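Keep in mind that what you see is a predicted model, and the values were worked out from it rather than measured.
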Amino acid sequence: MVKRVFFSLCLLTMLVVGLPTPTYANEPVQTFSYVPIEPLWTHTVSAVAGLEITNGRALMSGSVIGRPGTERISVNARLERINPNGSFAHIGTWNNLSATGTIWVWERPHYVARGHDYRLTLTATVFRNGTSEIVSISRTTRAN
């Protein structure tokens, strides 16, 4: 009886030890950090377009910041309604909105019809060190 128990324990130990076990390489764990994708601009630090619509009143806004040495910033703003078929209907255009120096800031209200999507597009030209750079940004919002 003792021999059977001893033999069973030996057999069980050999089975457990002989089972394949996972092995792991000593590699460092990779961690990922969030890095936003940003455009590569040479004259422009940031450009932001804002479009908020409340009760049919659209508040359009924008800002463009140029790098040191920026002499002037000129912006054209365009407001469009997005039709159900994906085409655009022109609502309004505001051209040659400019500022001297490195910062351009703008805000303007405009009334729109409810139940549609609207897109504000700002196309800025940043003049710095005798050259210019064109930056275009847009913002889409639903008018409820």
Checklist outcome for this item: Residues joined to Y111 in its hydrophobic cluster, side chain to side chain under 4.5 Å directly or through other members, sorted by chain and number, are none
Next on the checklist: Any donor-acceptor pair under 3.5 Å linking the side-chain atoms of T44 with those of E133?
Outcome noted: yes
Do you know the tightest heavy-atom contact between [X] and [Y]?
X	Y	result
V112	A143	CG2-CB, 4.2 Å
V135	A47	CG1-CB, 4.0 Å
S138	A49	C-CB, 4.3 Å
L122	G62	CD1-CA, 3.7 Å

Next on the checklist: Are L51 and L97 linked, directly or through intermediate hydrophobic residues, by side-chain heavy-atom contacts shorter than 4.5 Å (ILVMFWY only)?
Outcome noted: yes
Next on the checklist: Does anything in residues 72-96 form a ring-ring contact (aromatic ring centres under 6.0 Å, His included)? List the pairs, not counting sequence neighbours.
Outcome noted: W94-H110
Item to check | Qualifying ring-ring contact (aromatic ring centres under 6.0 Å, His included) pairs, either residue in residues 115-144, two or more places apart | outcome: none
Atom pair [atom1]/[atom2] of [X] and [Y] - distance to nearest 0.5 Å:
X	Y	atom1	atom2	answer
N144	N55	CG	CG	10.0 Å
L120	I91	CG	CD1	12.0 Å
N76	N95	CG	CG	4.0 Å

Checklist entry - Among all residues two or more places apart in sequence or in another chain, which pass the salt bridge (charged side-chain N to carboxylate O under 4.0 Å, His left out) test with R139? => result none
Checklist entry - R128: what forms a salt bridge (charged side-chain N to carboxylate O under 4.0 Å, His left out) with it, not counting sequence neighbours? => result none
Checklist entry - Which residue, T125, V126, I73, forms the side-chain contact (heavy atoms from CB on, under 4.5 Å) with S132? => result T125
Item to check | side-chain contact (heavy atoms from CB on, under 4.5 Å) assessment of L59 paired with I53 | outcome: CA-CA 6 Å; L59 182 60; I53 304 174; over 6 Å; no
Checklist entry - Who are the side-chain contact (heavy atoms from CB on, under 4.5 Å) partners of T123, not counting sequence neighbours? => result T121, I134, S136
Checklist entry - Who passes side-chain contact (heavy atoms from CB on, under 4.5 Å) against A89, sequence neighbours left out? => result R81, N83
Next on the checklist: By the salt bridge (charged side-chain N to carboxylate O under 4.0 Å, His left out) test, which pairs, at least two apart or in different chains, include something from residues 93-117?
Outcome noted: D117-R142
Checklist entry - Which residue pairs satisfy the salt bridge (charged side-chain N to carboxylate O under 4.0 Å, His left out) criterion with at least one member in residues 44-73, sequence neighbours excluded? => result none
Checklist entry - Do N96 and S74 have side-chain heavy atoms sitting under 4.5 Å apart? => result yes
Checklist entry - Is there side-chain contact between W106 and V64, with heavy atoms separated by less than 4.5 Å? => result no
Item to check | N85: side-chain hydrogen bond (donor to acceptor under 3.5 Å, both in side chains) partners, not counting sequence neighbours | outcome: S87
Checklist entry - Partners of S63 by side-chain hydrogen bond (donor to acceptor under 3.5 Å, both in side chains), sequence neighbours excluded? => result none
Item to check | Non-neighbouring partners of H43 that pass ring-ring contact (aromatic ring centres under 6.0 Å, His included), sequence neighbours left out | outcome: none
